[in-house]
Amino acid sequence: MSDRGTDASSVRAMPSWVPQGAKLYLAHTEDGSSIRALARASGCHASTVLRRIRAYEARRDDPMVDEALRRLGCRAAPREKAGSLHQETAMTLDTDTRHIAEVTETQLRAEGLRILHRMSETGAVLAVAAQMDKAVVVRDGEQGDAARTAVVDRPVVEAMALKGWIACDAPGRVARYHITKAGRTMLGTMVAEAENRASGFSEAQAPFSGPVSQEDVEIAPRRPRYSVAESPLVALARRKDSDGRQFIPNDLVRAGERLREDFELSQMGPRVTQDWSRFLTTPGGGSGAGSGHAGGFEAARRRVEGALHDLGPGLGDIALRCCCHLEGLERAEKRMGWSARSGKIVLRIALQRLKRHYDSLGEAGSMIG
């Protein structure tokens with residue numbers, strides 16, 4: 001078998017979103033394809049192939065990049081005889097319930113939009129612990145306390161790191177990741193594509209479509225259409241009342257973030273056209289029965305319905321606008337016909353009611369995702 005055929009078989013075994021540089025690296029290190037053979041197969045100079053391979057070799061200090069390459073290499077490489085170190089490693093990785101090779105392009109983009117949006121907030125990092133199948137996004141507060149804002153599967157984190165959207169600040173037993181320049185560029189692209197779809201534009205009319213890798217950003221950097229700002233709730237939490245205390249305490253902020261997380265998860269499912277404002281004005285809409293913690297998009301939608309039903313019209317409306325749709329208070333007050341500066345009072349009451357709703361759920365009310 002020729003080197004070119006070996007390279008092609010490895011590429012077919014990998015997901016379509018895997019960057020070309022990673023495919024070249026694995027074809028060289030796992031399949032033993034020569035640099036010149038890879039250069040002929042990819043139609044570029046051998047020095048270019050060598051530079052891309054060395055770039056990924058240098059990135060293996062990142063724990064998620066190293067794990068992603070290890071898993072993809074074991075999945076793509078041909079099986080060796082039983083008892084070999086490579087075979088034993090592959091067998092160990094195959095026992096995991098999830099694998100990076102099972103992450104689809106659609107899943108990566110949907111989860112990437114949600115997680116990158118969270119990581120773009122001030123003080124937010126993504127924490128990955130060894131031997132844990134989930135990673136969490138946490139945001140530091142003014143008083144040094146951390147609030148958990150999102151949860152994501154570990155294979156998705158590996159894929160995001162391999163794409164160069166996130167990078168490790170401090171490797172260790174609990175690795176902390178920040179969003180990179182490539183990640184912010186990709187976030188702006190995905191937000192623009194989501195706006196185009198919501199406005200009825202086709203993919204052909206969109207300003208840009210398709211996966212973006214770190215190599216693509218280095219070649220043709222793109223500016224996001226607009227910067228992703230903090231949520232109105234986080235900005236309002238920094239304000240002080242007449243006594244110098246937080247106008248919205250951290251426990252109320254966490255309640256609002258809990259609602260926002262469930263809302264974002266529910267929008268990833270098949271019912272992305274849910275009319276939440278109509279739900280608020282429909283008598284008897286939703287029920288608290290489905291508000292407990294459960295997995296899946298439908299469960300997240302039921303939890304949002306239960307919370308909004310408990311809040312009722314008015315309180316539910318301001319919570320939906322500010323916590324979920326990220327509307328500013330001034331805009332929300334204008335659209336709802338309220339007097340100026342009255343929205344923050346109503347929002348605080350809504351968050352107090354929302355916290356009581358989650359407290360009534362017990363342990364399930366404190367869980368995200």
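Quantities reported herein were computed from a predicted structural model and do not represent experimental measurements.
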Check: Between Cys324 and Leu259, what is the shortest heavy-atom contact and its length?
Finding: SG-CG, 3.8 Å

Note to self: Quick check for you: to the nearest 0.5 Å, what is the distance between Arg70 atom CZ and Glu158 atom CD?
What the structure shows: 8.5 Å

Checklist line | NZ/NE/NH1/NH2 to OD/OE distance under 4.0 Å, Arg60 and Glu57 | finding: no

Check: Where the side chain of Ser342 meets the backbone of Trp338, is there a donor-acceptor pair that is under 3.5 Å apart?
Finding: no

Next item on the list: Ignoring hydrogens and angles, tell me if any N or O in the side chain of His325 forms a donor-acceptor pair with the backbone of Glu327 under 3.5 Å.
Entry: no

Notebook entry, point to check: Would you say the side-chain atoms of Asp62 pair up with the backbone N or O of Met64, donor to acceptor, closer than 3.5 Å?
Noted result: yes

Note to self: Closer than 4.0 angstrom, basic N to acidic O: yes or no for Glu298 and Arg301?
What the structure shows: yes

Check: Taking it one step at a time, do Glu111 and Arg118 satisfy salt bridge (charged side-chain N to carboxylate O under 4.0 Å, His left out)?
Finding: CA-CA 11 Å; Glu111 288 283 74; Arg118 286 298 195 173; over 6 Å; no

Item checked: Thr48 side chain to Cys44 backbone, donor-acceptor under 3.5 Å -> no

Check: Could you state the interatomic distance from CD1 (Ile318) to CG (Leu315), rounded to the nearest 0.5 Å?
Finding: 9.5 Å

Notebook entry, point to check: Hey, is the main chain of Met132 close enough, under 3.5 Å, to the side chain of Arg154 for a donor-acceptor pair?
Noted result: yes

Check: Is the shortest distance from a Lys or Arg side-chain nitrogen in Glu264 or Arg114 to a carboxylate oxygen in the other one below 4.0 Å?
Finding: no

Item checked: Cation-pi, Tyr25 ring and Arg52 (6.0 angstrom, 45 degrees) -> no

Checklist line | CZ on Arg71 to CD1 on Ile100, rounded to 0.5 Å | finding: 8.0 Å

Checklist line | Reported NZ-to-CG distance for the pair Lys134 and Asp153, which is rounded to 0.5 angstrom | finding: 3.5 Å

Item checked: Ionic contact status for Glu261 with Arg148, cut-off 4.0 Å -> no

Note to self: Would Arg59 pass as a cation-pi partner of Tyr56, given that its NZ or CZ must be under 6.0 Å from the six-membered ring centre and within 45 degrees of the axis?
What the structure shows: yes

